[in-house]
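What follows is a short report on a single structure.
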Amino acid sequence: MKMKKSFASDNWSGACPEIMTALSDANNGHNEAYGELDDVFTARAKQKFVENFGEGIEVFFVYNGTAANVLGVSQIINPYHAIVAAHSAHLNEDECAAPEKFIGCKILGLESPDGKIMARQIRPLLKSIGFQHHAQPKVISISQVSEMGTVYTIDEITELADFAHSNSMFLHVDGARIANAAAALNTDFKSMISDIGVDVLSFGGTKNGLMFGEAVVFLNKRLALDFEYRRKQGMQLHSKMRFIAAQFERYLTDDLWRKNAAQANYLAKHLEKEIRKIPQLEVSQDVKANGVFVCLPEKIIEKVQEKYFFHVWNASPQGKDGMKEVRLMCSWDTNTEDIDGFVELIKQVLD
Ligand SMILES: Cc1ncc(COP(=O)(O)O)c(C=O)c1O
């Protein structure tokens, strides 16, 4: 049965063929569990991370992105500290208060229409440092790609890292879509993450062709001390670890990550171009990676959703004529026919 496509999210797609082959190849005989000692799959996958991020890093595989964020940040923070993030950050809005429960700290959410935060917005929070009645800002967390589909430049991340370090803070990057960002900036992980002072990265896989699996990458080994116990206590030590590792090994070979991300990004640009041709619609965010945010007239939303599902991102009236902002995500398997069919349907229902 051919499943229908949607623009709901990049994790609505399946796993890409190369990853399915890697999973199938790993499904052979017995192998040491939990990624321990002689598990060659985990050793090879970790080596791929070193090739992509440089020496001196430490990598831990986990099952999902929420865990990567919560466990990664919990390693560099205490409950009396605060995480500074965009209000729209996944960590703040979409993790069912897992950071609050499992870290126990405060999140200081900053308003940000484009999903990005800058040092100048964080500066006023520094007045809390040393004041015992206030949670102490300790971690700046940014999402690359942001939840609004925008992308930080390398200079912007560098500025945030420098700002964090000069104020005894750390920089965490939620990289659920880090591959889309690197492809969009035409750069690599080393230049965008390791070389400019990011401390901890949640490295995504599931949204770009993996079946499951994410990684917590410590760019500085010293920060990773005892993390294996935190991961186990945090219920994220995968038993048949070879199946996460084998996927990452393949994902980081021959730039499969870039191929998948570039396809999704390219189709998002194509979608943006076609949408801009329809005068009744409004593109509401810069399209930098694989997400397109658009204001649609409310009356057509349900009709279009019946064929191609997508999420309404902002239900309060937006733009001219009280339209609603929706999010359209492209994935590694989105193709031009999907875009053309979707745009054609919009034109039909608008008539
Ligand atoms: C920006 C961002 N971070 C993290 C995640 C991780 O989510 P999950 O726990 O569903 O893997 C998501 C998924 O929607 C996301 O969009």
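Order of appearance sets the numbers: ligands from 1, and atoms from 1 within every ligand.
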Could you see which bit of Asp174 sits under 4.0 Å from ligand 1, with heavy atoms only: side chain, backbone, both or neither?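 The part of Asp174 near ligand 1 is the side chain, not the backbone.
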What part of Glu147, side chain, backbone, both or neither, has a heavy atom within less than 4.0 angstrom of ligand 1?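 It is the side chain that touches ligand 1; the backbone stays farther off.
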Would Leu225 end up clustered with Leu237 when hydrophobic side chains under 4.5 Å apart are linked, directly or stepwise?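 The answer is no; the residues belong to distinct hydrophobic clusters.
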Classify the ring geometry of Phe342 against Phe7: parallel below 30°, tilted from 30° to 60°, perpendicular beyond 60°.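 Correct class here is tilted.
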For the residue pair Phe131 and His134, does the interplanar ring angle fall in the parallel (under 30°), tilted (30 to 60°) or perpendicular (over 60°) class?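 Perpendicular, since the angle between the ring planes exceeds 60°.
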Between CG of Leu160 and CG of Leu171, what distance do you get to the nearest 0.5 Å?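 Spacing of CG (Leu160) from CG (Leu171) equals 6.0 Å.
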What is the nearest protein non-hydrogen atom to [atom], stated with its residue, atom name and distance?
| atom | answer |
| --- | --- |
| atom 7 (O) of ligand 1 | His90 CE1, 3.5 Å |
| atom 11 (O) of ligand 1 | Gly65 N, 2.8 Å |
| atom 14 (O) of ligand 1 | Lys207 NZ, 2.9 Å |
| atom 10 (O) of ligand 1 | Thr66 OG1, 4.5 Å |
| atom 16 (O) of ligand 1 | Arg177 NH1, 3.2 Å |

Less than 6.0 angstrom from the centroid, inside 45 degrees of the normal: does Arg44 satisfy that with respect to the ring of Phe41?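 So Arg44 does make the cation-pi contact.
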Looking at Glu272 and Lys269, does any basic side-chain N land under 4.0 Å from a carboxylate oxygen?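 Yes.
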